[in-house]
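Below is one structure, written out as structure tokens, with a few remarks after it.
Keep in mind that the numbers below use all heavy atoms, side chains included, and drop hydrogens, waters and symmetry copies. Bear in mind that the values here come from a model prediction, so they are computed numbers and not experimental data. Every chain is numbered from 1 and lettered A, B, ... according to where its sequence line falls, protein lines coming before strand lines.
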Amino acid sequence: MKKPKRYLITSALPYANGPLHLGHIAGAYLPADIYVRYLKLKDKDVAFICGSDEHGVPITLRARKEGVSPQVIVDKYHKMIKTAFSEFGIDFDIYHRTSSKLHHETASDFFKTMYEKGEFIEKEEEQYYDEKEKQFLADRYITGTCPKCGYEEAYGDQCEKCGTSLSPKELKNPTSRLSGNSPILKKTKHWYLPLDKYQQEWLEEWIDSHKSNWKSNVYGQCKSWLNGGLQPRAVTRDLDWGVPVPVEGYEGKVLYVWFDAPIGYISATKAWAKENNKNWKDYWQSEDSQLIHFIGKDNIVFHCLIFPAMLKAHGNYILPDNVPANEFLNLEGDKLSTSRNWAVWIHEYLHDFPGKQDVLRYTICANLPEQKDNDFTWKDFQNRNNNELVAILGNFINRTIVLTHKHYGGEVPERGTLTDFDKKTLAEMTVIKKNLEKSIESFRFREAVKIAMDLARLGNKYLADTEPWKVIKTDEERVKTIMNISIQISAALSIIIEPFLPFTADKLRKFLNIEKLNWDLAGSDSIIEAGHTINKANLLFDKIEDEAIEKQIQKLMDSKKANQAEQQQAEPAKENITFDDFVKMDIRVGTILEAERVPKTDKLIKLKIDTGIDQRTVVSGIAVDHKPEDIIGKQVSILVNLEPRKIRGIVSQGMILMAEDASGKLVFAVPEVKTSNGASIK
RNA sequence: GGCGAGGUAGCUCAGCUGGUUAGAGCGCAUGAUUCAUAAUCAUGAGGCCGGCGGUUCAAGUCCGCCUCUCGCUACCA
């Protein structure tokens with residue numbers, strides 16, 4: 001493949017609804033930053049683009065809950081996220097935002113072009129409308145009684161109590177969360193992106209063409225979606241927070257956030273180009289540019305299927321050359337979770353470990369979930385620091401600088417005749433540089449960072465084998481050569497660690513008293529000339545003691561405890577009902593006569609129950625905790641006058657009463673001693 | 001249940017289109033060494049490459065079945 005003239009690198013836009021954590025960094029930001037720093041060291045023309053995704057319903061809901069405008073929410077998190085990135089050394093060329101005017105214009109124009117080309121399908125449907133607030137209601141803006149479990153606070157898209165996904169029209173007694181009134185059904189028009197059509201026309205073929213150069217997890221995910229058959233996807237929705245739909249007569253509609261967010265890459269590029277006297281079209285609309293999206297696996301469908309479909313439908317745009325999505329990073333064996341506070345927050349890390357950005361960058365990089373989910377532990381963080389950064393890299397630099405000062409007052413000595421071992425070592429440097437390039441260019445960053453450390457290992461080995469501290473007593477000339485070469489290795493290190501450890505590289509350059517050097521110099525055997533004076537060194541890395549690590553682990557244990565406490569807290573009682581309401585329920589004692597798993601389901605068991613009144617079939621979602629053969633003959637409590645319901649094609653007549661704890665474990669609610677079938681429970 | 005990704009040394013992972021005694025880092029053991037933050041260097045121990053069957057002269061690598069983990073999805077009143 002021909003070399004691209006310029007690179008357009010994007011990292012997933014973080015949602016401006018919470019702070020950044022470890023998982024974000026590992027997924028989309030650190031790999032991108034490493035890649036970009038590498039390209040820039042090679043003097044490539046690169047635009048590294050990111051920004052906050054500031055639209056969408058969760059932000060409006062949070063705003064409403066906190067009694068402020070959505071803008072206040074996004075301003076807060078945008079600033080927080082931007083600061084965290086910048087302090088952590090994730091060096092975007094621009095960190096833009098989708099609430100900006102430029103973005104609104106860009107997204108609006110993008111839609112308009114597609115609209116005028118007739119790319120969209122129009123559909124008119126009935127949707128709930130709040131007459132008082134004069135607006136259509138997004139799914140999350142409607143609550144009502146869940147048709148399945150009777151929970152009264154179910155949302156329009158999902159019942160939080162029973163987990164069922166719903167559509168607003170299924171809710172009983174729908175209520176607007178805006179005004180508290182009952183909404184009415186009103187016709188509304190929306191535009192859809194015909195992904196099914198694109199799939200047939202070119203999308204599937206295009207994905208297939210990337211089978212060999214995309215990562216298997218990425219390609220596999222795409223195929224999974226394509227096999228399921230893509231469906232037209234609504235581009236617009238009725239909401240007041242977002243980019244307004246630029247069609248006359250359709251005020252009060254905005255672009256769906258999935259549509260407007262990726263356009264954020266384009267608007268951010270425009271903003272950057274303007275500030276830097278560049279032409280944004282060179283990056284987005286020129287075939288000799290290469291577009292790469294760095295994302296986490298949750299974003300694969302948007303960046304590999306939907307956004308390319310948008311770009312192609314719009315016309316003129318290039319499509320991504322690669323989408324190196326990472327899997328997920330876990331923390332101490334558990335999934336990262338914002339709501340459960342199971343995370344390492346970047347702003348907290350920066351506070352707890354000042355000046356140690358590179359230690360975390362290194363640990364994350366060495367553990368990047370490139371092929372599969374991976375685990376971050378604080379113990380590993382400490383080990384990586386103490387046994388690798390301190391012992392191998394920091395130590396080599398320190399040895400070299402101390403020796404140079406001890407014998408030569410900090411002046412780089414002349415090199416004499418090279419021995420075979422010298423030559424071999426210098427040749428090895430070149431090999432390391434080449435391997436490193438190969439790894440980075442194929443997005444294998446954990447391998448890359450290991451190779452970079454190999455250069456420091458090479459340095460330590462060189463010193464151990466040449467023993468300058470011994471040779472100085474017998475052959476002073478020889479030691480000059482040894483130290484000269486050690487200095488060259490140190491200088492090469494200052495270059496090749498820059499993508500991974502930019503803060504350390506900077507420190508090292510100060511020790512060596514040099515400027516930032518071009519990548520290709522790393523393969524040279526004389527980066528620093530003899531006679532150059534280096535500075536005195538302090539330490540590149542400090543040891544991290546057990547206490548610091550224990551403190552972090554304790555922090556996590558505390559949030560685990562807090563979560564458990566929250567889980568154990570019983571839910572508040574439901575609204576009072578009358579005795580009449582209660583007696584409407586006919587609960588009986590019954591005996592399980594037969595039990596068998598419902599095929600092709602995980603949870604369902606089909607039961608035959610003797611209720612005393614009759615024998616009937618009940619389907620129950622208990623297979624996770626109970627085996628069919630264990631429960632035959634068991635007495636249970638059964639609600640017998642529940643409306644029959646078809647589940648997986650089987651008519652279920654009634655409901656077995658179960659006690660469910662916070663973890664979801666189910667146990668039977670049964671009579672204390674055996675009693676007769678049909679006995680009434682009241 | 002369907003789809004996708006994984007299951008390789010104590011731990012974290014490489015092993016590309018099948019080819020000589022299966023690799024790395026950390027950890028562990030032994031030895032060497034002192035310029036260096038008790039850091040470094042060398043050597044070594046440690047693997048029925050999740051299980052079973054098949055294709056092949058040859059399989060960690062290809063095919064089938066099973067099993068476990070993760071994700072998406074269906075199901076749960």
Side-chain angles (χ1 to χ4, degrees), chain A residues 146-151 159 161-165 212 215-228 297-298 300-301 327-328 330 335 366-377 379-380 383-384 386-392 394-407 439 442 444 446-447 449-451 453-454 456-457 459-472 479 482-483 486 537-543 597-605 618-624 639 642-643 645 647-649 652 654-658 664 666:
Chain A
C146 174
K148 298 203 174 167
C149 70
Y151 181 57
C159 172
K161 183 78 178 286
C162 67
T164 316
S165 14
S212 57
K215 289 167 54 167
S216 56
N217 58 337
V218 176
Y219 176 79
Q221 271 292 315
C222 291
K223 282 308 267 187
S224 176
W225 279 87
L226 290 169
N227 290 343
K297 70 173 162 187
D298 49 334
I300 288 174
V301 63
E327 300 285 299
F328 288 151
N330 293 329
K335 261 179 264 184
N367 289 309
L368 282 177
E370 289 175 340
Q371 308 293 339
K372 58 177 180 186
D373 291 359
N374 205 346
D375 199 30
F376 174 95
T377 65
K379 195 67 197 160
D380 181 64
N383 285 336
R384 297 263 179 202
N386 293 357
N387 303 333
E388 297 179 30
L389 293 176
V390 171
I392 296 168
N395 185 35
F396 169 66
I397 297 299
N398 195 36
R399 301 169 84 180
T400 302
I401 293 180
V402 166
L403 283 168
T404 305
H405 274 282
K406 189 168 174 183
H407 300 309
S439 294
S442 44
R444 293 199 297 259
R446 51 190 303 165
E447 178 182 273
V449 77
K450 202 215 125 221
I451 294 173
M453 286 301 282
D454 282 343
R457 289 193 175 91
N460 278 319
K461 183 173 162 52
Y462 181 74
L463 284 179
D465 286 3
T466 54
E467 300 183 300
W469 49 89
K470 226 182 228 174
V471 176
I472 191 78
V479 175
I482 295 169
M483 291 325 297
S486 300
N538 31 47
L539 298 173
L540 225 38
F541 299 99
D542 298 311
K543 285 215 156 192
R597 289 286 297 268
V598 178
K600 300 188 180 184
T601 64
D602 282 350
K603 296 186 184 172
L604 300 186
I605 292 183
V618 175
V619 177
S620 195
I622 56 175
V624 176
L639 180 61
L642 188 68
E643 200 67 38
R645 195 187 146 84
I647 299 165
R648 280 260 150 187
S652 178
M655 171 173 162
I656 307 294
L657 301 191
M658 307 292 292
L666 297 170

Exercise for review: Could I get the full list of ring-ring contact (aromatic ring centres under 6.0 Å, His included) partners for A/F396, not counting sequence neighbours?
Suggested key: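 A/F396 satisfies ring-ring contact (aromatic ring centres under 6.0 Å, His included) with no residue once adjacent residues are dropped.
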Whole-angstrom distance between [N] and [M], as gauged at atom [atom1]:
N	M	atom1	answer
B/rA45	B/rG4	P	42 Å
B/rU73	B/rA14	P	26 Å
B/rG7	B/rG46	P	24 Å
B/rC28	B/rC11	P	15 Å
B/rA59	B/rG53	C1'	14 Å
B/rC66	B/rA74	C1'	23 Å
B/rG64	B/rG25	P	36 Å
B/rC3	B/rU40	P	50 Å

Exercise for review: Quick one: stems involving RNA chain B, counted as three or more successive Watson-Crick or G-U pairs, both distances short of 3.5 Å.
Suggested key: B:1-7 with B:67-73, B:10-13 with B:23-26, B:28-32 with B:40-44, B:50-54 with B:62-66
Exercise for review: List the protein contact pattern of nucleotides 8-15 of chain B with one symbol per nucleotide (5' to 3'): B for base contact, S for sugar-phosphate-only contact, - for none; contact means a heavy-atom distance under 4.0 Å.
Suggested key: ----SSS-
Provide a list of protein-nucleic acid N or O atom pairs under 3.5 angstrom, restricted to nucleotides 38-42 of chain B.
unit_1	atom_1	unit_2	atom_2	d
B/rA39	OP1	A/K543	NZ	3.0
B/rA39	O2'	A/A391	O	3.0
B/rA39	O2'	A/N395	ND2	2.9
B/rU40	O2'	A/R399	NH1	3.1

Residues in side-chain contact (heavy atoms from CB on, under 4.5 Å) contact with [X], at least two apart in sequence or another chain:
X	result
A/Q221	A/W225, A/I300
A/D373	A/K297, A/E327, A/F328, A/N330
A/E447	A/S439, A/R444, A/I451
A/N387	A/N383

Exercise for review: Please state how far atom CG in A/L368 lies from atom C1' in B/rG6, giving the value in whole angstrom units.
Suggested key: 17 Å
With sequence neighbours excluded, residues passing side-chain hydrogen bond (donor to acceptor under 3.5 Å, both in side chains) with [X]:
X	value
A/N395	none
A/N367	A/D380
A/D542	none
A/K379	A/Q382

Revision key, fill the gap. Residue pair A/D454/A/G394 against RNA chain B: nearer the 5' end by closest nucleotide is A/D454
**Study point:** Closest-nucleotide ordering on RNA chain B, the 5'-leading residue of A/G654 and A/V402
**Key:**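 The residue closer to the strand's 5' end, by nearest nucleotide, is A/V402.
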Point to revise | N/O (side chain, A/S216) to phosphate O (OP1/OP2, B/rG6) under 4.0 Å | key: yes
